[in-house]
Enquirer: 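Submitted below is the structure of interest, expressed as structure tokens.
Only this structure's heavy atoms are used, side chains among them; waters, hydrogens and symmetry mates stay out. Ligands are counted one by one from 1 in listed order, and the atoms in each one are counted from 1 as well.
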Amino acid sequence: MKRNIDMNEVSDGKLYTANDMVKMGCNDCSGCSDCCTGMGSSILLDPYDIYQMTKNLNRSFDQLMSCNLVGEEGTLRVIGLDIVDGLILPHLNMAGVRERCTFLNEEGRCSIHGFRPGFCRLFPLGRIYENGTFHYFHQVYECKKSHRTKVKVNKWLGIPNLKKYEQFVLDWHDFLETAGAEVRGSSDENAVKQTGLSLLYVFYRKPYDFQRDFYEQFYEKLEELI
Ligand code: SF4
Ligand code: SF4
């Protein structure tokens with residue numbers, strides 16, 4: 001999602017790589033679930049997230065889309081869709097009057113911690129894309145915990161084979177940039193709709209083969225659409 005932000009206002013002014021230490025450790029979030037509530041539709045899900053969620057929850061994307069969990073505040077829908085920069089993309093739903101993520105359990109802990117989406121792993125880091133690469137930055141005012149400790153970015157993310165994942169993040173970002181610019185510049189409503197639906201189908205709705213590597217399949221899907 002494109003955001004115009006003033007780095008001096010939101011961050012400590014530094015850019016980080018996966019090997020850098022950042023003062024963001026929050027004692028395992030004990031007693032806090034602030035960033036799992038009230039996030040609106042901002043927790044976007046990428047194809048890696050959907051691969052992990054469909055595999056570990058044993059449900060297809062379409063099942064997750066129509067999956068209604070019954071929680072303390074009634075019936076909760078897990079995933080929603082939104083138009084983001086001209087493209088149809090899925091996001092985690094916040095539900096109920098307290099706008100809680102549907103995966104937040106009664107103890108205020110993430111019930112899918114081991115395969116939580118990349119956005120959740122990243123927080124309170126953000127990514128800034130420049131000159132064909134990206135860096136991490138620390139959104140210093142987002143997490144209110146005090147006495148934060150230094151943590152290495154790659155440990156914080158906890159994603160296996162991080163180099164491959166970071167390349168995927170970059171390639172996915174570039175693909176969305178190109179596809180988004182195309183649809184925003186088009187006056188052909190049918191073509192715009194078709195592009196959005198094809199992207200949604202190929203990267204999200206079309207099942208992944210869990211016996212195979214995610215990245216191999218992602219690049220095959222990318223070939224289908226470019
Ligand atoms: S706001 Fe900070 S301490 Fe609270 S859940 Fe999020 S990362 Fe953890
Ligand atoms: S998936 Fe987990 S970490 Fe992410 S918002 Fe929901 S409860 Fe929080």
Enquirer: Quick check on ring-ring contact (aromatic ring centres under 6.0 Å, His included): which of Phe134, Tyr129, Phe168 does His173 satisfy it with?
Expert: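 Of all the options given, the one that passes is Tyr129.
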Enquirer: Check each atom of ligand 2 against the heavy atoms of Ile43 and keep those under 4.0 Å away; list them by number with element.
Expert: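 Checking each atom against Ile43, I get 5 (S).
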Enquirer: Please list, in chain and residue-number order, the protein N/O/S atoms closer than 2.8 Å to atom 8 (Fe) of ligand 1.
Expert: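 Checking every protein N, O and S atom gives Cys29 SG.
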Enquirer: Please list all pairs meeting side chain to side chain donor-acceptor pair (under 3.5 Å) that have one or both residues in residues 158-170, counting only residues at least two apart or in different chains.
Expert: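 Listed by first then second residue: Tyr136-Glu166, Gln167-Asp171.
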Enquirer: Please tabulate, one pair per line, all N/O donor-acceptor pairs under 3.5 Å involving side-chain atoms of residues 191-204, not counting sequence neighbours.
Expert:
| unit_1 | atom_1 | unit_2 | atom_2 | d |
| --- | --- | --- | --- | --- |
| Thr195 | OG1 | Ala191 | O | 2.9 |
| Ser198 | OG | Gln194 | O | 2.8 |
| Tyr204 | OH | Leu45 | O | 2.7 |

Enquirer: Are Phe119 and Tyr16 in one and the same hydrophobic cluster, where Ile, Leu, Val, Met, Phe, Trp and Tyr link if side-chain heavy atoms are under 4.5 Å apart?
Expert: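 Linked, Phe119 and Tyr16 end up in one cluster.
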Enquirer: Around atom 2 (Fe) of ligand 2, how many protein N/O/S atoms fall inside 2.8 Å?
Expert: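 Counting protein N, O and S atoms closer than 2.8 Å to atom 2 (Fe) of ligand 2 gives 1.
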Enquirer: With a 4.0 Å cut-off on N to O distance, would you call Lys221 and Glu216 a salt bridge?
Expert: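 So Lys221 does not pair with Glu216 through a salt bridge.
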Enquirer: Would you say NZ of Lys206 has more than 12 non-hydrogen atoms from neighbouring residues, nucleotides or ligands within 6.0 angstrom?
Expert: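 Yes, the 6.0 Å shell around NZ holds more than 12 heavy atoms from other groups.
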Enquirer: Under 3.5 Å, is there a donor on one side chain and an acceptor on the other for Asp82 and Ser41?
Expert: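 Yes, a side-chain donor-acceptor pair sits under 3.5 Å.
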Enquirer: Are any of the side-chain nitrogens in Arg205 or Asp62 under 4.0 Å away from the carboxylate oxygens of its partner?
Expert: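 Here Arg205 pairs with Asp62 in a salt bridge, since their nearest N and O are under 4.0 Å apart.
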Enquirer: Can you check whether Phe214 and Tyr208 have ring centres sitting under 6.0 Å from each other?
Expert: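 Yes: the rings meet the under 6.0 Å criterion.
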Enquirer: Output yes when a side-chain donor or acceptor of Asp49 lies under 3.5 Å from a complementary backbone atom of Gly118, and no otherwise.
Expert: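 At least one qualifying donor-acceptor pair exists.
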